[in-house]
There are 2 protein chains.
Amino acid sequence: MQSFTEENYLKIIYHLAEKTGNVQTNAIAEQMQTKPASVTDMIKKLAEKGFVDYIKYQGVTLTEKGRNAAIEIVRKHRLWEVFLVDKLNFKWDEVHDVAEELEHIKSTALIERLDEFLGFPKSDPHGDPIPDKNGRFAKTQFTKLIDLKIGDQGTITGVSQHSSAFLKHLEKLGLTLGKQIEISDVTDFDGSVEILIAGKQINISREVAKHILTSSNGKN
Amino acid sequence: MQSFTEENYLKIIYHLAEKTGNVQTNAIAEQMQTKPASVTDMIKKLAEKGFVDYIKYQGVTLTEKGRNAAIEIVRKHRLWEVFLVDKLNFKWDEVHDVAEELEHIKSTALIERLDEFLGFPKSDPHGDPIPDKNGRFAKTQFTKLIDLKIGDQGTITGVSQHSSAFLKHLEKLGLTLGKQIEISDVTDFDGSVEILIAGKQINISREVAKHILTSSNGKN
DNA sequence: AATAATTTTTAGATTTACCTAAAAATATAA
DNA sequence: TTATATTTTTAGGTAAATCTAAAAATTATT
Ligand SMILES: [Mn+2]
Ligand SMILES: [Mn+2]
Ligand SMILES: [Mn+2]
Ligand SMILES: [Mn+2]
């Protein structure tokens, strides 16, 4: 059984590893909002407990045990997010912090019954896949909106940024999950993207376009 | 904002105070499953923070602030229990430990929306009253089953013991909330009580009868 | 009222998760 | 390939919540 803190470390290492493989001390420190020295301490403990493989100065990788533990926490986090949105009418930008706490509740029965209550959802309010009770889930295929070319069409299936500010912004622009879009223009000057959505023409910054994920393969 | 541990202390002091007024160090230690020395340390901290009034060797009483904080935790605990039973099909003997964790999730929005989602329930699965968001709730009137006399009738409205073993036992005997009962006999030998429930005659031990609460005023 | 029993508090340690400052290792640049 | 910059680790310390053992205060009993 792990502490809240250990669980948060495992989850963050898992997410960082998805991109970079080997995970660095400083990267963990930044995500955990703590100091590198503290990270080193915790890494040693996690290594001792068999959750990570660790070589001094070389960063960490999750062991099988560590990956399973991390996925279990991700599962809980995302299921609780679905609960908050579907059942308690939270908006998609309001759920993250609460889920951050709820994910640590320890009860296998609870999470399995919650899963059932929610109808075994496959993805969370941000389009991220929900692992099943065996930790399995389909790796999501997506193309970043920023990588689409003029004329390409697609559906919004996810976001790669979960800050409330960003999600609220998308909401206001009508850029929510499931919406159909088409790239109508890309501005040379600032890289901003003009898209057609629900018959309207809107302009979004490059920064926003980077964090919207779509189901288009880019070839229209 | 209080830590989990502080919240657990406050809740326990509140429950103990309901019966005895002034709460003793040893009593808290027993409930918290810790040592009296640790309790003294925590009491000092709670006093410092203004949650309790404390005079050395004289035990503690909750301040207004402390009582409000405690009631808020009780509210959360009981609402989560209702959720677990009503929505996730937990049995009344399975909810306590999970609620013990869920009660510490910090989000006013969460608990208010949960309350609404559950239909603003007035009592939890064990018959205990749920404080509203202002901390108000009707003080429950009840008579212990053990105090009823032969021929008295009543309805089961609560229990004063929440252990899984006890609740499972009641379940098996059919002694659940809302059931009508009548006292048909009291055994001199062991103080056990014979009751009439759903047309059947059953015998329950004195120990069990002590922890069943009824709506009868004792005069049939 | 004096003695014994009980309750409560203090003293001194331990563990977990942090921190700062300094040293060591690794990576980058001149 | 030295020198410089960056990253990571160690050393030494703090705060929260716990513990054991011993001292102090209160309560109960002769
Ligand atoms: Mn978390
Ligand atoms: Mn999410
Ligand atoms: Mn609790
Ligand atoms: Mn209850």
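Below, read A as the first sequence line, B as the second, and so on, with proteins coming before strands; counting in each chain starts at 1. What you see is a predicted model, and the numbers here were worked out from it, not measured in a lab.
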K.L.:
Mind calculating the distance between CG (D41(B)) and P (dT15(C)) to the nearest angstrom?
P.N.:
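So the two atoms are 17 Å apart, to the nearest Å.
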K.L.:
Would you please confirm or rule out a distance under 4.0 Å between OP1 or OP2 of dT8(C) and any side-chain N or O of K35(B)?
P.N.:
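For K35(B), the contact criterion (side-chain N or O under 4.0 Å from OP1 or OP2 of dT8(C)) is not met.
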K.L.:
Any side-chain N or O of N26(A) less than 4.0 Å from the OP1 or OP2 oxygen of dT8(D)?
P.N.:
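Yes, within the criterion.
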K.L.:
Nearest-Å distance, NZ (K56(B)) to P (dT26(D))?
P.N.:
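Distance, rounded to whole Å: 10 Å.
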K.L.:
Let me see the working for T187(B) and S192(B) under side chain to side chain donor-acceptor pair (under 3.5 Å), right down to the final yes or no.
P.N.:
CA-CA 5 Å; T187(B) 311; S192(B) 69; 3.1 Å; yes
K.L.:
Phosphate oxygens OP1/OP2 of dA16(D): is one of them under 4.0 Å from a side-chain N or O of Y9(B)?
P.N.:
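For dA16(D), OP1/OP2 do not have a side-chain N/O of Y9(B) under 4.0 Å.
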K.L.:
Using OP1 and OP2 only, check whether a side-chain N or O of S3(A) sits under 4.0 Å from dT16(C).
P.N.:
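For S3(A), the contact criterion (side-chain N or O under 4.0 Å from OP1 or OP2 of dT16(C)) is not met.
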K.L.:
Compare side-chain N and O positions of Y57(A) against OP1 and OP2 of dA23(C) and report whether any pair is under 4.0 Å apart.
P.N.:
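Checking dA23(C) against Y57(A), no side-chain N or O comes under 4.0 Å of OP1 or OP2.
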K.L.:
So what does S38(A) touch, heavy atoms closer than 4.0 Å: a base, only the sugar-phosphate, or nothing?
P.N.:
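Touches a base.
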K.L.:
Would you say dT16(C) has OP1 or OP2 under 4.0 Å from some side-chain N or O of T5(A)?
P.N.:
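T5(A) to dT16(C) OP1/OP2: no side-chain N or O under 4.0 Å.
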K.L.:
Regarding T40(A), tell me which of base, sugar-phosphate or nothing describes its non-hydrogen contacts under 4.0 Å with the strands shown.
P.N.:
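Base contact.
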K.L.:
Do any side-chain nitrogens or oxygens of Q24(B) fall under 4.0 Å of OP1 or OP2 in dT7(C)?
P.N.:
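Looking at the OP1 and OP2 atoms of dT7(C), neither is under 4.0 Å from any side-chain N or O of Q24(B).
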K.L.:
Within the pair K44(B) and dT9(C), is there a side-chain N or O less than 4.0 Å away from OP1 or OP2?
P.N.:
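Answer is no, no contact under 4.0 Å.
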K.L.:
Counting the atoms with a prime plus P, OP1 and OP2 as sugar-phosphate, which does F4(A) contact under 4.0 Å by heavy atoms, base, sugar-phosphate, or nothing?
P.N.:
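No contact.
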K.L.:
Could you tell me how far apart L16(A) (CG) and dT7(D) (P) are, to the nearest whole angstrom?
P.N.:
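Atom-to-atom, L16(A) to dT7(D), this comes out as 15 Å.
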K.L.:
When the distance from NZ of K49(A) to P of dT16(C) is rounded to whole Å, what number comes out?
P.N.:
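That distance rounds to 8 Å.
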K.L.:
Looking at K49(A), I'd like to know if its NZ atom is crowded, meaning that more than 12 non-hydrogen atoms belonging to other residues, nucleotides or ligands lie closer than 6.0 Å.
P.N.:
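Atom NZ in K49(A) is packed in, count exceeds 12.
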K.L.:
CD of Q58(B) versus C1' of dA24(D): gap in Å, rounded?
P.N.:
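To the nearest whole Å, that distance equals 14 Å.
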K.L.:
Quick one: I43(B) CD1 to dT10(C) P, roughly how many Å, whole number?
P.N.:
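Result: 11 Å.
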K.L.:
Does a side-chain N-to-carboxylate-O contact under 4.0 Å join E207(A) and K210(A)?
P.N.:
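A salt bridge links E207(A) with K210(A).
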K.L.:
Specify the separation, in whole Å, of atom CE of M42(B) and atom P of dT10(C).
P.N.:
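It is 16 Å, rounded to the nearest whole Å.
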K.L.:
Checking side chain to side chain donor-acceptor pair (under 3.5 Å) between H126(A) and each of R78(A), E81(A), Q161(A), which is the one that passes?
P.N.:
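Option passing the side chain to side chain donor-acceptor pair (under 3.5 Å) with H126(A): E81(A).
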K.L.:
For N8(B) and dT18(D), what is the distance between atoms CG and P respectively, to the nearest whole Å?
P.N.:
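Whole-Å distance recorded here is 9 Å.
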K.L.:
Got a salt bridge between E72(B) and K106(B), using NZ or NE/NH1/NH2 to carboxylate O under 4.0 Å?
P.N.:
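Answer for the salt bridge query: no.
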K.L.:
Counting only side-chain heavy atoms from C-beta out, which of dC18(C), dT8(C), dC19(D) sits nearest to T25(B)?
P.N.:
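Among the listed nucleotides, the one closest to the side chain of T25(B) is dT8(C).
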